Number of protein chains: 2
Amino acid sequence: MADAEPTSIWMRPERQERSGPGRRPGYSREQITRTAVQIADAEGVEAATMRRIAGELGTGAMSLYRYVPRRDDLFDLMIDLAMAEVELPGGPSGDWRDDLTLLARQLRATGLRHPWLIALLTSRPTLGPHLLRVHEFALGAFDGLGLHIDDITGLVAMLNDYLHSAVRREISWLEEARRTGLDSERWKRDYMGPYVRQVVESGTFPLFSRSVLDSRTAHLTPEERFRQGLDRILDAIAALIPSLRPR
Amino acid sequence: MADAEPTSIWMRPERQERSGPGRRPGYSREQITRTAVQIADAEGVEAATMRRIAGELGTGAMSLYRYVPRRDDLFDLMIDLAMAEVELPGGPSGDWRDDLTLLARQLRATGLRHPWLIALLTSRPTLGPHLLRVHEFALGAFDGLGLHIDDITGLVAMLNDYLHSAVRREISWLEEARRTGLDSERWKRDYMGPYVRQVVESGTFPLFSRSVLDSRTAHLTPEERFRQGLDRILDAIAALIPSLRPR
DNA sequence: CTTATTTGCGTACATGGTACCTGAATAGCT
DNA sequence: AGCTATTCAGGTACCATGTACGCAAATAAG
């Protein structure tokens, strides 16, 4: 019986408790995933190789394939394990702005704890249970306002797009510095800095230059910047809602 | 003289015309990049390996390193070569909504022609000249409205976030199908479909289920869906502008 | 012609995913 | 208890990848 039919990891649950013959499993999908997450947190996703994960668990690389069909599926599992850390109340509070602010803060914190999360999340179409839970909460915030479900989905997408790009922006150069093996400060100063300076001095892109030179947000903490952008999106959503409501 | 100092590809221009001794270069950075783009278009970025590109050019893999320091830099070059296809007028027209609609259409068309573009673009912090040109045009659309440059940057970011995620959504399952080697229709039907159906039938996520079942946009063409989402973002921006203008 | 310099590129190495296979462990059956 | 079917553990091996290194070929100045 060859079950080589390729299907979503979420349709291939871990081998259940069973009372037949055969050796007992010594590891678990969650244990493997947790190990992969730890390595990725500390050294980047590219360090979370099958051999490295197995080594951390004290076993051989091929043993992992008893629990995970392919490495890509392990990515999906990692994403969902991280999303499990997003703590949300059971249901919406009635104030959508409060709910989404809470969601935003939680997602940002989780994304910063796992710098690989957003990159993976936006690079593969996955729908794990915890991602669905978070998504459902976001949709729920707009429930009861008389909006069509398509419009709700659109508003949630707007928020999500901001969250993903804002968190990514916050960590991208940190990650890039790590990937190239440079010190974070050195990367900004020696790698990107000179080029930006050259562009600015060339005068070819005056508005871009102004955005670099005249920025009033440069002295803000990353969290304050995040908060400002979030408020902007929430303002935009608030402005949109009346026009979406059928008269 | 070891020029191993790692710096942005944009600070390391191609070896110039020179009249000294030494063998003449037989290839060029642009030629290599163009070849890489062609392969990536047809078979995905992961097929555009150094050996494959070199093979296409009828040379050895190591020859490419005379023109491109690292593979990652080649990605930056590919991004910028693709962005060069975004056709824009020399300056803003005075109607920001028209300008951004044009920009959106151009970026979508380019993103669909090069299904790897958006994924690369959002996965690495790069600032090639053509990307800067497009960005400058977007900023320019809001020039003269009395907005602070930070606010302009914020509005452009909103639009960009939408464009990236919308184009990505439009091609993500196509790409995923190709990556797993499945037929596009089969992928939807056999790979993702059963799981979504199971989630919907479980009743655990009622709003997500409604977004799947009650969607009124299902029968629309991708372009119409894109246009609807774009209008939503532009409406949001329009609603935001007055509140950003200093009184 | 010699020499300095630059490109072309074969070879080689380290690292990656993972197919395959053998051996060990386990529970039910006789 | 012993046999057998079944499952897990994991070593070995294969192939693909980026790229460091070194040498040969080409080229212009002296």
Side-chain angles (χ1 to χ4, degrees), chain A residues 1-4 6 9 12-29 31-32 35-36 39-40 43-78 124 179-181, chain B residues 1-4 6 9 12-29 31-32 35-36 39-40 43-78 124 179-181:
Chain A
M1 168 181 58
D3 56 349
I9 182 73
R12 309 181 129 233
E14 181 149 24
R15 203 92 62 220
Q16 316 284 23
E17 279 304 312
R18 125 206 76 89
S19 55
R23 192 164 164 177
R24 299 292 94 160
Y27 306 93
S28 76
R29 208 177 251 189
Q31 184 186 10
I32 292 168
T35 306
I39 297 172
E43 306 165 42
V45 255
E46 72 277 5
T49 67
M50 299 305 266
R51 283 176 235 258
R52 182 83 162 69
I53 298 166
E56 208 76 27
L57 288 167
T59 182
M62 291 314 292
S63 301
L64 305 185
Y65 287 91
R66 294 281 164 186
Y67 303 87
V68 177
R70 299 188 328 263
R71 179 155 192 259
D72 283 6
D73 292 316
L74 185 55
F75 286 152
D76 287 349
L77 294 170
M78 290 170 68
R124 35 189 305 109
R179 287 202 325 112
T180 50
Chain B
M1 168 181 57
D3 58 348
I9 182 73
R12 309 179 129 233
E14 181 149 25
R15 203 94 59 220
Q16 318 282 25
E17 279 304 313
R18 129 207 72 90
S19 56
R23 192 165 164 175
R24 297 299 84 166
Y27 306 92
S28 75
R29 210 178 250 188
Q31 185 185 12
I32 292 169
T35 306
I39 297 172
E43 306 166 41
V45 255
E46 72 277 5
T49 66
M50 300 304 267
R51 282 176 236 260
R52 182 85 162 69
I53 299 166
E56 210 75 28
L57 287 168
T59 182
M62 291 313 294
S63 301
L64 306 185
Y65 287 90
R66 295 280 169 190
Y67 302 86
V68 176
R70 297 188 328 263
R71 186 171 137 90
D72 283 6
D73 293 316
L74 184 55
F75 285 151
D76 287 350
L77 293 171
M78 290 170 67
R124 37 189 303 109
R179 287 202 325 112
T180 51

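All values reported here derive from a predicted model rather than from experimental measurement. By convention in this document, chain letters (A, B, ...) are assigned in the order of the sequence lines, proteins followed by strands, and residues within each chain are numbered from 1.
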When the distance from [atom1] of [X] to [atom2] of [N] is rounded to whole Å, what number comes out?
| X | N | atom1 | atom2 | value |
| --- | --- | --- | --- | --- |
| A:Leu64 | D:dA9 | CG | C1' | 11 Å |
| A:Gln31 | D:dC8 | CD | P | 15 Å |
| B:Glu43 | D:dA16 | CD | P | 14 Å |

For this session: Would you please name every residue forming a salt bridge (charged side-chain N to carboxylate O under 4.0 Å, His left out) with A:Arg52, sequence neighbours left out?
Result: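 If we apply the salt bridge (charged side-chain N to carboxylate O under 4.0 Å, His left out) test to A:Arg52, skipping adjacent residues, the hits are A:Glu43, A:Glu56.
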For this session: List for me each residue that meets salt bridge (charged side-chain N to carboxylate O under 4.0 Å, His left out) alongside B:Glu14, sequence neighbours excluded, and say none if there are none.
Result: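 Result, salt bridge (charged side-chain N to carboxylate O under 4.0 Å, His left out) vs B:Glu14: none returned.
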Problem set entry | With A:Ser63 via side chain to side chain donor-acceptor pair (under 3.5 Å) - residues at least two apart |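 By the side chain to side chain donor-acceptor pair (under 3.5 Å) rule, A:Ser63 matches A:Thr59.
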Exercise. Under the side chain to side chain donor-acceptor pair (under 3.5 Å) test, which residues partner B:Arg51, sequence neighbours left out?
Worked result: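 Partners of B:Arg51 under the side chain to side chain donor-acceptor pair (under 3.5 Å) test: none.
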Taking the side chain as everything from C-beta on, heavy atoms only, tell me whether [X] gets closer than 4.5 Å to [Y].
| X | Y | answer |
| --- | --- | --- |
| A:Gln31 | A:Tyr67 | no |
| A:Leu57 | A:Leu64 | yes |
| B:Leu74 | B:Arg29 | no |
| A:Arg179 | B:Arg124 | yes |

For this session: List the protein contact pattern of nucleotides 14-24 of chain C with one symbol per nucleotide (5' to 3'): B for base contact, S for sugar-phosphate-only contact, - for none; contact means a heavy-atom distance under 4.0 Å.
Result: --BBBBB--BB
Report each atom pair, protein N/O against N/O of nucleotides 28-30 of chain D, whose distance is under 3.5 angstrom.
residue	atom	partner	partner atom	Å
D:dA28	O3'	B:Ser19	O	3.4
D:dA29	OP1	B:Ser19	O	3.2

